[in-house]
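Within every chain, numbering begins at 1; the chains are lettered A, B, ... in the order of the sequence lines, protein sequences first and strands thereafter. Keep in mind that the numbers below use all heavy atoms, side chains included, and drop hydrogens, waters and symmetry copies. Values in this document were obtained by computation on a predicted structure and should not be read as measured data.
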Protein chains: 2
Amino acid sequence: MDKILDIDNVDLKIISLLNDDAKTPYTEIAKKVFVSSGTVHVRMRKLEDMGIVKSATLNIDFSKLGYDISAFLGIYLEKSSLYDTVIENLKQISEVINAYYTTGNYSIFAKIICKDTNHLRTVLDNIQKVEGIDRTETLIVLEESINRPIQFFDKTGKI
Amino acid sequence: MDKILDIDNVDLKIISLLNDDAKTPYTEIAKKVFVSSGTVHVRMRKLEDMGIVKSATLNIDFSKLGYDISAFLGIYLEKSSLYDTVIENLKQISEVINAYYTTGNYSIFAKIICKDTNHLRTVLDNIQKVEGIDRTETLIVLEESINRPIQFFDKTGKI
DNA sequence: ATTTTATTTAGATTTAATCTAATTTATTTT
DNA sequence: AAAATAAATTAGATTAAATCTAAATAAAAT
């Protein structure tokens, strides 16, 4: 039984609306989806139980909090078998907020957030020190031009 | 007047707790921060007014919704002056959920989410068709090993 | 020291979340 | 196709939280 079959347009519409603003009351979601608020509750509990909706988080403007630099890091390992241990070490560095195993030249692809260039320098130093990391390439984010949630479609168009 | 000076550890602690679970009732946040729930409200309104907290969104397991492939794209432009118009065109492609202006070799660095390899193929085709794009490099995400919110620190340690 | 200003709080009111039982809708069986 | 069963949805009641207001406290300025 395919999980995706258990998901209908009501579910997707609810996810879509809450993705725009996770604090929207279920009563309001209910009106927009043309069901009762009870149904919204039931559907959301189902989505949470299925692990589809994992949590709700804030969308924060980090630069306004003094975290002015975010950057992507392409990390080259000495041996790709070191992946797991390097990831464990990167978890110890709190500025690393994402890390991925990707196809392409990099062994690990990561995202970091820092306060300023000095902070960035320190973080890069700490990352270079991690056993098994050969070298890194840094892509500093100068502008975020698109940042939006996924949009769902069915045969009839946007949900 | 520096905005960051208006933010104290109470604010950061509130942001930190709500970042873990944006649906946590303010009454519960209040207990953990040792202030009244009214104060949590006031602080959150301040943070929203200052544009620091922009919104709350869901953390969704896209693979369970049938979106099995996410990928980063390094995009090379014919001329870097085409940045703005290319971004406008990328906004029309709903699978593009992030796009950045970054240092490094790429003119644009983007993230896309697709259902399967067929869908990825279509999306890549559509992106290649965008006027001004020279070529792209695709980094397909095979595993997300770290995904967490930023952690705040002051002189005394983690907030 | 006194006034002014800002922040926090307790308590009241409004609003929403959650639960339950009943109804409706859909599915299966005969 | 009709009856029986199962599943989903709803209205309404209860519980809990958000929001507002006015008073109290604390901080800053004169």
| Using the ring of each side chain (for Trp, its six-membered ring), is B:Phe72 parallel, tilted or perpendicular to B:Phe109, with breaks at 30° and 60°? | parallel

| Is the closest basic N to carboxylate O distance between A:Glu48 and A:Arg45 below 4.0 Å? | no

| Would a 4.5 Å heavy-atom cut-off, applied to side chains only, mark B:Ile108 and B:Val86 as touching? | yes

| Does B:Asn19 reach the main-chain N or O of A:Thr57 with its side chain, forming a donor-acceptor pair under 3.5 Å? | no

| field | Rounded interatomic separation in angstrom, taking CG from B:Asp6 and P from C:dA6 | value | 12 Å

| query | Just how far, in rounded Å, is P of C:dT7 from NZ of B:Lys46? | reply | 8 Å

| task | Under 4.0 Å from any heavy atom of chain A: name the first and the last nucleotide of DNA chain D that qualifies, 5' to 3'. | result | D:dT9 to D:dT10

| task | Inspect the contact between B:Glu88 and B:Lys91 and indicate whether a charged nitrogen and a carboxylate oxygen are less than 4.0 angstrom apart. | result | yes

| Salt bridge flag under 4.0 Å for residues B:Glu131 and B:Lys129 | no

| Considering only heavy atoms, which members of residues 14-39 of chain B lie under 4.0 Å from some atom of DNA chain D? | B:Pro25, B:Tyr26, B:Thr27

| Would one find a side-chain N or O of A:Arg45 under 4.0 angstrom from OP1 or OP2 of C:dT18? | no

| request: Let me know the distance between CZ of B:Arg43 and P of C:dA6, rounded to the nearest Å. | output: 15 Å

| field | Rounded distance in Å - CE (B:Met44) to C1' (C:dT8) | value | 18 Å

| Member of B:Asp6, B:Asp49, B:Asp11 meeting the salt bridge (Lys or Arg N to Asp or Glu O under 4.0 Å) criterion with B:Arg43 | B:Asp11

| query | Can a donor-acceptor pair be found between the side chains of B:Tyr101 and B:Ser107 at a distance below 3.5 Å? | reply | no

